[in-house]
There are 2 protein chains.
Amino acid sequence: MQGASSSREDYLKALYVLSTGAEGPVTTTALAEHLSMRPASASGMMKQLAEAGWVEHEAYRGASLTPSGERIALDVIRRHRLWEFFLVERLGFAWDQVHELAERLEHIEDAELINRLDDYLGCPDFDPHGDPIPRADGTVVDARPLQVASELRPGARAVIKGVVDSSDVFLRHLDALGIRLGIEFKVVERHEFDGSARVEGHGIWTLGVLENLLVVIQP
Amino acid sequence: MQGASSSREDYLKALYVLSTGAEGPVTTTALAEHLSMRPASASGMMKQLAEAGWVEHEAYRGASLTPSGERIALDVIRRHRLWEFFLVERLGFAWDQVHELAERLEHIEDAELINRLDDYLGCPDFDPHGDPIPRADGTVVDARPLQVASELRPGARAVIKGVVDSSDVFLRHLDALGIRLGIEFKVVERHEFDGSARVEGHGIWTLGVLENLLVVIQP
DNA sequence: TATTTAATTTAGCTTTGCCTAAAAATAGTT
DNA sequence: AACTATTTTTAGGCAAAGCTAAATTAAATA
Ligand SMILES: [Mn+2]
Ligand SMILES: [Mn+2]
Ligand SMILES: [Mn+2]
Ligand SMILES: [Mn+2]
């Protein structure tokens, strides 16, 4: 067993994503579901990753990344998000079309390639979905005071900075509503009944939409 | 067995490369050598590719591409050369550094990705080593009257258009001699003794170098 | 606490793609 | 034509990564 294969990288990435925000170790089932695989497969992979020292795994309890495992995960995420940026900003893909491609491109591990790509793209800080791009040294810088849009009170002004759900369907739904990263909007009214909001110049945004928009409130 | 995996694509590509220029089918040993693999592996893969209808294989005789196999090979070569162009022209890699990376990138099959990349790069006709980039429809256009530089007589002027050997070592050797695609040169003298040439402003080029340069003679 | 349910692991199978060693076929040489 | 050397194929193995089904452990419930 050499470095991290595509599979191993995807598992490490999944572990990273699933453990940020949640408490404690990641369950086998959650991992399997996230990767569209069977729990038995995830279980086997955890054993392998623990063996390699990238994961701490207590049987029947769950798994969490070791520092070295987290480092690999961050590298993969960096590659993923840089490629997504490239695909959208340079090749003109829509933001809902790039995830699957990046899911493949991210596994080409070559420090020089990624550093040159980063440079070529102007060292972007965020990917097309508003997620921060980890730096080459494995640090993640995100100083934005993000808030979920569903918390906004009537009269509030905010700028859209990211999405919680970045599935194709949701992103295309946002396209249909004219919602993009960077736009500023003002909540005119919140409806007690269903949590929806009337937004100046945008009509009604449902609670489902608001709960999946990350914003920074404007003064 | 679904589409062509990375391995299958590499074998089809090797078959294409080895059969252009040579007569008759490609031998198992040549194939294995080209891919740094064992004859037994190549033999097994030929059986598989024949099964899929991409290769004509007569036992103990050798293999050749069917039209559908050639089509796949050309697609892979198109992707390989487009990525090489991108790596050199956009990311600033040297021409001796891109082959291995392209060897991995070429296996990401996505028509939209490649068409957009092609577009983004300005639909280049040749890769950084002077090899023609197959079009999306599988045609290869190369109308250049290429000649090997070793055939040049004293007094001839020519422009360098490609290389026969595109190994890292040879390309770096050319760098050291100040030889690049596109430069024009004049042969002042050929030496009977060892086939070397004195080139105006460039000193002596050995026969080994000349035999690996593809040129177009200037009027 | 005993029992049932749910989650997790283990065991065993499959495919892909590589390998080595042995067998078979072709080619070359006396 | 017979023998030898080379090439090619076949047979049998291995590792990775997935699966299903069975066994095990933990959690929930009566
Ligand atoms: Mn993504
Ligand atoms: Mn991936
Ligand atoms: Mn190449
Ligand atoms: Mn390749």
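Since the structure is predicted, the reported quantities are computational estimates derived from the model, not experimental observations. Note on naming: letters A, B, ... go to the chains in the order of the sequence lines (proteins, then strands), and numbering restarts at 1 for each one.
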Need one value for B/Ser41: base, sugar-phosphate or nothing, where a base atom within 4.0 Å counts as base even if backbone is also close, heavy atoms only.
base
Sequence neighbours excluded - side chain to side chain donor-acceptor pair (under 3.5 Å) pairs with any residue from residues 123-137 of chain B:
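Residue pairs with at least one partner in residues 123-137 of chain B: B/Glu84-B/His129, B/Asp137-B/Thr139.
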With B/Glu211 via side chain to side chain contact (heavy atoms under 4.5 Å, CB included) - residues at least two apart:
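Counting only residues at least two positions away or on another chain, B/Glu211 forms a side chain to side chain contact (heavy atoms under 4.5 Å, CB included) with B/Ser150, B/Leu207.
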Could you work out, with side chain to side chain contact (heavy atoms under 4.5 Å, CB included) as the rule, every residue matching A/Ala94, not counting sequence neighbours?
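Partners of A/Ala94 by the side chain to side chain contact (heavy atoms under 4.5 Å, CB included) criterion, ordered by chain and then number, come out as A/Asp96, A/Gln97.
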Short side-chain N/O contact from B/Ser5 to OP1 or OP2 of C/dG17, under 4.0 Å
yes
Between D/dA17, D/dG18, C/dT9, which nucleotide gets closest to the side-chain atoms of A/Arg8?
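Between D/dA17, D/dG18, C/dT9, the one nearest the side chain of A/Arg8 would be D/dA17.
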Taken to the nearest whole Å, NE2/B/His107 to C1'/C/dG17 is 14 Å
Does a side-chain N or O of A/Ser43 approach OP1 or OP2 of C/dT10 to a distance below 4.0 Å, or not?
no
Using a heavy-atom distance cut-off of less than 4.0 Å, which residues of residues 30-40 of chain B contact DNA chain D?
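Result for residues 30-40 of chain B: B/Pro39, B/Ala40, sorted by number.
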If the plane angle is over 60° it's perpendicular, under 30° parallel, otherwise tilted; pick one for A/Trp83 and B/Trp83.
perpendicular
Distance below 4.0 Å between B/Arg61 side-chain N/O and C/dA25 OP1 or OP2
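Looking at the OP1 and OP2 atoms of C/dA25, neither is under 4.0 Å from any side-chain N or O of B/Arg61.
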Just N and O in the side chain of A/Gln48: are any of them under 4.0 Å from OP1 or OP2 of D/dA16?
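A/Gln48 to D/dA16 OP1/OP2: no side-chain N or O under 4.0 Å.
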In whole angstroms, how far is the P atom of D/dT24 from the CD atom of A/Glu58?
20 Å
What side-chain donor-acceptor pairs closer than 3.5 Å can you find for residues 100-112 of chain B, not counting sequence neighbours?
unit_1: B/Glu103; atom_1: OE1; unit_2: B/Lys13; atom_2: NZ; d: 3.3
unit_1: B/Glu103; atom_1: OE1; unit_2: B/His99; atom_2: NE2; d: 3.1
unit_1: B/Glu103; atom_1: OE2; unit_2: B/Lys13; atom_2: NZ; d: 2.8
unit_1: B/Glu106; atom_1: OE1; unit_2: B/Lys13; atom_2: NZ; d: 3.2
unit_1: B/Glu106; atom_1: OE1; unit_2: B/His80; atom_2: ND1; d: 2.8
unit_1: B/Glu106; atom_1: OE2; unit_2: B/Lys13; atom_2: NZ; d: 3.3
unit_1: B/His107; atom_1: ND1; unit_2: B/Glu9; atom_2: OE1; d: 2.7
unit_1: B/His107; atom_1: NE2; unit_2: B/Asp10; atom_2: OD1; d: 3.0
unit_1: B/His107; atom_1: NE2; unit_2: B/Asp10; atom_2: OD2; d: 3.4
unit_1: B/His107; atom_1: NE2; unit_2: B/Glu103; atom_2: O; d: 3.0
unit_1: B/Asp110; atom_1: OD1; unit_2: B/Glu112; atom_2: N; d: 3.2
unit_1: B/Asp110; atom_1: OD1; unit_2: B/Leu113; atom_2: N; d: 2.8
unit_1: B/Glu112; atom_1: OE2; unit_2: B/Arg116; atom_2: NE; d: 3.0
unit_1: B/Glu112; atom_1: OE2; unit_2: B/Arg116; atom_2: NH2; d: 3.0

What pairs of residues pass the ring-ring contact (aromatic ring centres under 6.0 Å, His included) test when at least one of them lies in residues 2-50 of chain A, not counting sequence neighbours?
none
Any side-chain N or O of A/Tyr60 below 4.0 angstrom from OP1/OP2 of C/dT10?
no
